[in-house]
Amino acid sequence: MGVVLRTERLTKRFERLTAVEDLDLEVREGEVFGFLGPNGAGKTTTLRLLCALIAPTSGTAEVAGFRLGQQDELIRASVGILTEQPGLYERQSAEDNLLFFAALFGLSSVVAREQTERYLRLMGLWDRRTEAVATFSRGMKQKMAIARAALHEPRIIFLDEPTTGLDPDAARTVREFITQIRGEGRTVFLCTHNLDEADRLCDRIAFFRRTVIRIDTPAHLRAELYGHATEFRILPSPRPEHLVRVRSVDGVSGAHLENGSIIVKSADPLLVNPRVIRALVGVGAEVAYVSDRKVSLEDVYLRVVEGT
Amino acid sequence: MSTLATTASRQTIVRAVCVREWRESLGNRLLVGMTVLPPLVILFAGIAAVATAALVPPSEKDVAALYAASPAVVGLDPKEAVQGLIATYFLILFMLIPTVVPLTIAIYSVIGEKSARTLEPLLAAPVRVGELLLAKSLASAIPAVIVTWVAYGIYLGSVSLLGSAAAVRAVTAPRWILAILIMVPLLTLLSVNLGILISTRVNDVRVAQQIGGLVVVPVVGIGILQVTGRVVLNNESFVNTAIFLLVCDVVVFLLARVAFQRENILSRWR
């Protein structure tokens, strides 16, 4: 896969505030790239920089093959953005909203009508195309805004919190849409606080706070940060001597107590787990069950970004 | 993977923005009503004044005051002179229509997009700021010019039917026809561009409206000077004023273009 977006030491300062600092990033064609960070980390500013809405203070970027600062109009024609707010013309119909933007993106009237129908159908809004957007629910407006971002078939779609405030059904439609456009070979740059969503959708994720802290696949991050972990549930609850015994087992790289269980890390659980069970039974522990420890992306996020 | 987007022509962008703004405005009945009301009031007041002057002869005192204020009409039949003067005064008021009618729409054109959060998606499209402002300027100016011309046409017809020969001569004077055809678009653009300039720099609709009210003051001032005979719109001053307005239109548009900072608008608007 080729690189569709590359930044080098991209920096944005607003007077005394540095919103983005020395951002080095590479996003590959056709991937869903998660951009995760706390509130105020500079995610929206980064999106605006990459969509050529605002100019960087220093550094360079190439977006969809065009140089930021030199070919901004071409960048804007090649990307689509879902902004934090849907920002639709509320008095106008869904169809008119999309046709207006299709005209701004230079689509011929025939193509504009085809694309409008395609995306309104995709978002389940075709039957309400003639109604004023003001009558739409929050979820419908969000779907409209996503349709607008994708209308001109951009090479990269930037989505800023696409499922925030949506009901489960609407959120699922949006996730299915993201999966579909990835299937078409388009790149999705996904800013989200929904870590479960990022885990399910993203090929790679970047943890970001003014600059990128880590970039990797969710699976690699889990494995690297937590290794293979197994949960041993002890009844009624594990005692300190159980933990001491487990730590002494050959092959155990780490063990700690967590919510009535002992969490054991090892490089080879198939080999080590039977030894741990024998050791625990040997010191009189009642082992209720043994299971793979599922590390959530939230755990990874908190450890990488928040340092907890 | 290719995109369907191309760089739209300036005409396409201007047409798309104008049509969208007009649809938006026409969807707001109150706005349409308040836009059409001032020209209607001026139109009907003008017709009523000319008709009244035709029916009611002026008193000697009025005639004396008229001759004192306008020595040019001394010697004319008093009734004719009064009608001619009234017809001319209302033509000056017609020059006010294009400064008032589009102002609200122009002021709201950028600040309205800011407050509705529609500006960011708009700026994310491959549209130049100059094209966007030109489109917004025309979207506000064209209806105002048309409304003024239509109102003038009705006034012309009504005065021809109801007024004296002096009144008809006044409203069909080539200088006034040229004023309506040339000055009205220039004044409209000046008003609209000032409204857009204000709209780009202000973050509160109410503040924009308050400042916008000041835009009409210079034009009203010119009208008052004309009515009181301190400024006479002769051929030379007509040409000079037209050139002056044209220069003002361009300068104010360029100022609005400079004042429209994508970055400030996006990052400072809350």
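Order of the sequence lines sets the chain letters (A, B, ...), proteins ahead of strands, with each chain counted from 1.
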Greatest number of heavy atom pairs closer than 4.5 Å to chain B - which of [options]:
options                                  : value
Thr187(A), Leu151(A), Leu88(A), Asp96(A) : Asp96(A)
Ala149(A), Ser108(A), Ala77(A)           : Ala77(A)
Val79(A), Ile75(A), Asn97(A), Ile54(A)   : Ile54(A)
Phe105(A), Phe101(A), Tyr89(A)           : Tyr89(A)

Flag yes if more than 12 heavy atoms outside [X] fall under 6.0 Å of its [atom1] atom; otherwise flag no.
X         : atom1 : answer
Arg129(A) : CZ    : yes
Gln210(B) : CD    : no
Phe244(B) : CZ    : no
Arg9(A)   : CZ    : no
Arg10(B)  : CZ    : no

Any salt bridge linking Arg117(B) with Glu84(A)? Criterion: basic side-chain nitrogen under 4.0 Å from a carboxylate oxygen.
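Looking at Arg117(B) and Glu84(A), the cut-off is not met.
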Proximal to chain A - members of residues 16-32 of chain B, heavy-atom separation under 4.5 Å:
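Listed by number: Ala16(B), Val17(B), Arg20(B), Arg23(B), Glu24(B), Gly27(B), Asn28(B).
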Using side-chain heavy atoms (C-beta onward) and a distance below 4.5 Å, is Glu120(B) in contact with Gln85(A)?
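The answer is no, as the side chains (C-beta and beyond) never meet within the 4.5 Å cut-off.
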Only pairs at least two apart or in different chains count here, so list each ring-ring contact (aromatic ring centres under 6.0 Å, His included) that has a residue in residues 55-75 of chain A.
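Passing the test, one end in residues 55-75 of chain A: no pairs.
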Under a 4.5 Å heavy-atom cut-off, does chain B meet the side chain of Leu53(A), its backbone, both or neither?
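Both parts, heavy atoms under 4.5 Å.
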Part of Ala55(A) lying under 4.5 Å from any heavy atom of chain B
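Looking at Ala55(A), backbone and side chain both touch chain B.
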Please round to the nearest 0.5 Å and tell me the distance separating atom [atom1] of [X] and atom [atom2] of [Y].
X         : Y         : atom1 : atom2 : result
Thr118(B) : Phe100(A) : OG1   : CZ    : 8.5 Å
Arg262(B) : Asp72(A)  : CZ    : CG    : 8.0 Å
Leu132(B) : Leu104(A) : CG    : CG    : 8.5 Å

Kindly give the heavy-atom pair with the smallest separation between Pro86(A) and Pro121(B), and that separation in Å.
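Of all heavy-atom pairs spanning Pro86(A) and Pro121(B), the closest is O-CG, 4.2 Å.
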Got a donor-acceptor contact below 3.5 angstrom from the Arg76(A) side chain to the Ala125(B) backbone?
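Indeed, once roles are kept as given, a pair shorter than 3.5 Å links the two residues.
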Please classify the contact of Leu122(B) with chain A as side chain, backbone, both or neither, using a heavy-atom distance under 4.5 Å.
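Answer is both: backbone and side chain atoms of Leu122(B) are under 4.5 Å from chain A.
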